[in-house]
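The residues of the chain are indexed from 1 along the displayed sequence. Since we're looking at a predicted model, the values are computed, not measured. These numbers come from the heavy atoms of this one structure, side chains and all, not from hydrogens, waters or symmetry mates.
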Amino acid sequence: MNTGLQLYNTLSRKKELFQPLNANHVGMYVCGPTVYSDVHLGNCRTFISFDLIFRYLKYLGFKVRYVRNITDAGHLEGDRDEGDDKFAKRAKLEQLEPMEIVQKYTLGFHDVLRMFNTLPPSIEPTATGHIIEQIEMIKVIIANGYGYEIGGNVYFDVEKYSKEYNYTILTNRNLEDMLNNTRELGGQDEKRGRLDFALWIKAKPETLMQWQSPWGLGFPGWHIECSAMSAKYLGDEFDIHGGGMDLAATHHTNEIAQSEACSHKQPARYWMHTNMLTVNGTRMSKSAGNGFLPLELFTGDHELLRKGYSPMTVKFFMLQAHYRSTLDFSNDALDASEKGFRRLMAAISLLDKLTVSDESNFSIETIKENCINAMNDDFNSPILIAELFEAVRIINTVYDGKAKISADQLEQLKQLINDFVFDILGLKDEDAGSNDLNGVLDMVIDLRTEAKANKDYATSDKIRIGLQELGIQLKDSKEGTTWSKA
């Protein structure tokens, strides 16, 4: 099925025509959260971006199996298999069992993504639920000569692998430079090579999360879970593997190595990565003191925020930047997105109030074609949104009686809005469920209309100004009066 979709492949460092392995079917794996703390905005941006990709692939008619894992074991603090297990450390800090930590933050993660109106993945496997698959994969890697066991720990032999495969194929880094930039093995380090990484880690007496294996009690390394679970649910070869760009250099590089060492196949045909977040031009991080959680952004309870912003405003803000571009948070940028989102929703609310004519001044087919072209160009959501504001202009112009639209073109316009605003971008009108507010405002607008009819302009103005002070803006036209949040 040739849809004309072009996507940027990190593997080739260029845009490529998307051609799935199996016609009409897409297998997509995205690295999910490590659930030892609240999900951060960088994670949210990645999952919102791949939700957009998931939605658009479905719109194109593909049957998509979207797999997004939950890391609930095996993630140490350092990339070099050092430090404490993140779950054990948090469990001790909060005086809870590790799986209580997992449950707490998994539920929180799901709650936040529901606020952002993202679709759940087709499958959401956990690392702890696939220990057997990880052990079996490690066995094959050892049998194929790319892994070795020392004292209950199992490591991946990068030097041996690099003689037959390109270890740095994803990032195009120079292997010699990587070795030179990696510190020498200490006397206590049992790895054979400086770039070797853990497949299985021996449990210490105090280790809280451990499982039996052919190499003794222990737990899996961080990287092996994604290789094992992607192979289980999508096969040794599948279409798309995604995640944040921070995962490319180590986690995804090691995933490719593990998968090829096991099956001798490159696991994914297309590797896609989202870019980082910045705040006022500086990279967002906890250490810099400029990192805020989604709920802090919603409530405004952070010293860097002037006020809170609704989940749909934040999502709209994120979608106004291309997923491969740096996204900079600032109060001014969020304010502008809030106005833009409200303008979009206000126009959509007028669709059912438009009067149709026998003729039309517009071609909705052209706008639809432009929207599809935008999404086919590596899921270019900023260009898509710009095209949707052309639809906003049409709605407002027709509503104001300055242009005409036929019944057929109006139906096409409604379908366009439903497809691209709600189904593909995944936006929703946050006021749509406020039936009580709608009823109250309709009654107040009727009272104002009655006052104007009686030439009681003082009361009419008092109602309009009072609503404006409450953040409600009225718009008068020959069709009547409508309201929107200012």
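Exactly one residue among Arg306, Arg343, Lys307 makes a salt bridge (Lys or Arg N to Asp or Glu O under 4.0 Å) with Glu338. That residue is Lys307. Screening Asp378, Val30, Leu11 against Met272 for a side-chain contact (heavy atoms from CB on, under 4.5 Å) leaves a single residue, Asp378. Looking at Trp200, Phe197, Phe156 one by one, the single match for ring-ring contact (aromatic ring centres under 6.0 Å, His included) with His223 turns out to be Phe197.
Judged purely by atom type and a 3.5 angstrom limit, Ser381 uses its side chain to pair as donor or acceptor with the backbone of Leu319. The main-chain N or O of Gly145 is found under 3.5 Å from a side-chain atom of Lys160 such that the two form a donor-acceptor pair. In this structure a side-chain-to-backbone donor-acceptor pair under 3.5 Å is missing from Ser263 to Glu260. In this structure, the side chain of Asn380 does not engage the main chain of Ala374 through any donor-acceptor pair within 3.5 Å. Between the side chain of Ser337 and the backbone N or O of Leu334 there is no donor-acceptor pair closer than 3.5 Å. Proximity of a side-chain donor or acceptor of Arg173 to a complementary backbone N or O of Ala249 within less than 3.5 Å is detected. A distance-only check finds no donor-acceptor pair linking the side chain of Arg68 to the backbone of Pro121 [under 3.5 Å]. A donor-acceptor contact shorter than 3.5 Å is absent between the side chain of Asp377 and the backbone of Gln6. Side-chain N or O atoms of Arg65 include one that pairs as donor or acceptor with a backbone N or O of Tyr233 at under 3.5 Å. Here the side chain of Asp196 pairs a donor or acceptor atom with the backbone of Val158 at under 3.5 angstrom.
Under the 6.0 Å cut-off for aromatic ring centres, Phe298 and Phe116 qualify, their centroids lying closer than that. Less than 6.0 angstrom separates the ring centroid of Phe317 from the ring centroid of Phe329.
The shortest non-hydrogen separation linking Asp239 to Pro20 is OD1-CA, 3.2 Å.
Between Glu94 and Lys104 there is a salt bridge, since a side-chain N of the basic residue sits under 4.0 Å from a carboxylate O of the acidic one. Between Glu190 and Lys202 there is no salt bridge, since none of the side-chain N atoms of the basic residue sits less than 4.0 Å from a carboxylate O of the acidic one. Under a 4.0 Å N-O distance rule, the pair Asp51/Arg55 qualifies as a salt bridge. Looking at Glu365 and Lys368, no side-chain N of the basic residue comes within less than 4.0 Å of a carboxylate O on the acidic one, giving no salt bridge.
Interatomic distance, Glu255 CD to Leu170 CG, rounded to the nearest 0.5 Å: 9.5 Å. For the atom pair Met115 CE and Ser310 OG, the distance stands at 11.5 Å (nearest 0.5 Å). Note that CG of Leu234 is 10.5 Å distant from CG of Leu21, once rounded to the nearest 0.5 Å. Considering CG of Leu195 and CE of Met178, their distance stands at 5.0 Å, rounded to 0.5 Å.
There is a side-chain donor-acceptor pair under 3.5 Å between Thr278 and Asp328. If you check the side chains of Thr71 and Asn69, you find a donor sitting under 3.5 Å from an acceptor. Thr274 and Thr46 share a side-chain donor-acceptor pair at under 3.5 Å.
Contact check for Phe109 versus Asp38: no side-chain heavy atoms found under the 4.5 Å cut-off. Within the 4.5 Å cutoff, side-chain heavy atoms of Leu199 are placed close to those of Gln258.
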